[in-house]
Amino acid sequence: MILIDVAHPAHVHFFRPLAESLLSDGFDVRIVARDKDVTVRLLESSGLPFEVLPMGNPGGGHLAGAMELVRRSVALRRRIRRWDTKVLLTRNPSGVLAAVGTTAASVFDTDDGRTVGLHYWTARPFADVITSSAHDPESHGRRHRRYHALKAQMFLHPDRLTPNPEVRRRYLRDDEALSVVRFSAHDASHDRGIQGLSPEARTAILERLSTLGPVLVSVEREGLRMLPSGAPAGKATEVAPEDFHALLATAQLFVGDSQSVAAEAAILGVPALRLSGFTGRTFYLELLESRGLMENFRPGEEAELLSALDRMIDDRDARMARSREQARQLNGEAEDLLAWFRRLVHELCDDKRCQRPAGSRRSIGGTR
C-alpha cells in the first residue's frame, strides 16, 4: 500500500495526479490529510481516498507545533503498520518521522530546503529518499534525487491542466479582465519571523486592481472570493477552491505574498509581483524572476512593489504576451514530473505488495 501525507492545500494539487495515476496502475493508495485551509474541500472534490487527522491551533507557538508533530507522527505510524504501507510520500516532516522503524520507504520532496529551518532538518536525516528540482542549488545528501522540473509543473504543466472555460463563465463575463491576489497568514512553523504585505499595501493593491476589473482574492484560512469591478469593499461572490487554478490561468496579473501561488501564476504565464521575507532565499522564485515571469520584493519595499504594479497595469498587454511566451519555453524544457515520480514509486515498491486486494474498492472515501 502507498500512503500520501498531505498537510497543506498545495500538497493536494501536487500529489493528486500521482495518486490518480497509481490508482490506475492498480496500487492501493490512501491519503491522510491535515485540516488546513481548504485542504479537505480539495480532497473531497478530487474523489481520492483520504481521511483527516485533527491538527493543533494555528499560530499556537513552538510547543503547540511540536506537540502536533508528535501526535500526527504517532497517528500516521499506526496507519503505516495497520495498512502494511510500503511507500510513504510526503512534503512534511511528520510523514518522514512516522515511517522511521517501519517497513515503509519514505520519500520527502522539498523545494524550500534549509530555508524553512526545523521543518526541513526534522525530515532530512530520516528520509529514505529526498527529491527536489534539478534547479535546486542545494545538495540534500546521498539519498537525494533530482527531477528536471519545478514542483508546480506536476499539476500546471500544459499537459496536465486544460482550463475549462465554463468555470470562468460561472464567475465572470467574457469581456471582464481578471486579476488575482493571494495573502498568506504566515502562521506555519516555517513562517515564524517572516513578514508579508502590510494591511495598507494590501488595500492599495486591491484599489489599483479593482479599476481593471474583478479581483479574485485568496486569503489563507478565509477562503476565496470574487470582488466585483471597482468595488474592493463591495459584495463578493464565493469561489470554490477547486476552481482556483482554472481562473488563475486566465488572469492578467497576480500580486501577493505567497510562495506557492506566486510560482503557480508564473508557470501559467501570468505576470506576477510578490513581496515576502523569503525573497532571496528560495531558488525557484529567483529562477522564475530570472526568466522574466516574476518580480520579487522584500518587506519594506511596498512602495517599490506598488510602483511596479502601476507600470505593469500600464503595460499589461505586452507583459502578458511576454509572460505567456516565457512560460511556454519554461514548460517546454521540463520533463514529465508525473512520469518521473511514477517511476520512482514503482522502483521502491514491489508492485504485487502495493496493489489493491482483489475486489477492494478504489476509495475509502473522505472521513474525519
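These numbers were taken from a predicted model, which means no experiment stands behind them.
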Ring pair (Phe, Tyr, Trp, His ring centres under 6.0 Å) partners of [X], counting only residues at least two apart:
X: Y120; result: H140
X: Y147; result: W340, F341
X: H11; result: H8
X: F283; result: none

| query | Do S258 and R274 meet the criterion of a side-chain donor-acceptor pair at a distance under 3.5 Å? | reply | no
Can you name the salt bridge (charged side-chain N to carboxylate O under 4.0 Å, His left out) partners of [X], sequence neighbours left out?
X: R311; answer: none
X: D25; answer: R342
X: D315; answer: R322
X: R78; answer: none

| Face-on cation placement of R91 at F108 ring, 6.0 Å and 45° thresholds | no
| request: Determine, for D174 against R168, whether the closest basic-nitrogen to carboxylate-oxygen distance falls under 4.0 angstrom. | output: no
| Ionic contact status for R298 with E301, cut-off 4.0 Å |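 Not counted as a salt bridge, because no side-chain N and carboxylate O are separated by less than 4.0 Å.
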All side chain to side chain donor-acceptor pair (under 3.5 Å) counterparts of [X], not counting sequence neighbours:
X: R170; result: D243
X: R143; result: none
X: R114; result: E138

| Which residue pairs pass the salt bridge (Lys or Arg N to Asp or Glu O under 4.0 Å) test with at least one member in residues 147-158, sequence neighbours excluded? |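 Passing the test, one end in residues 147-158: D111-K151.
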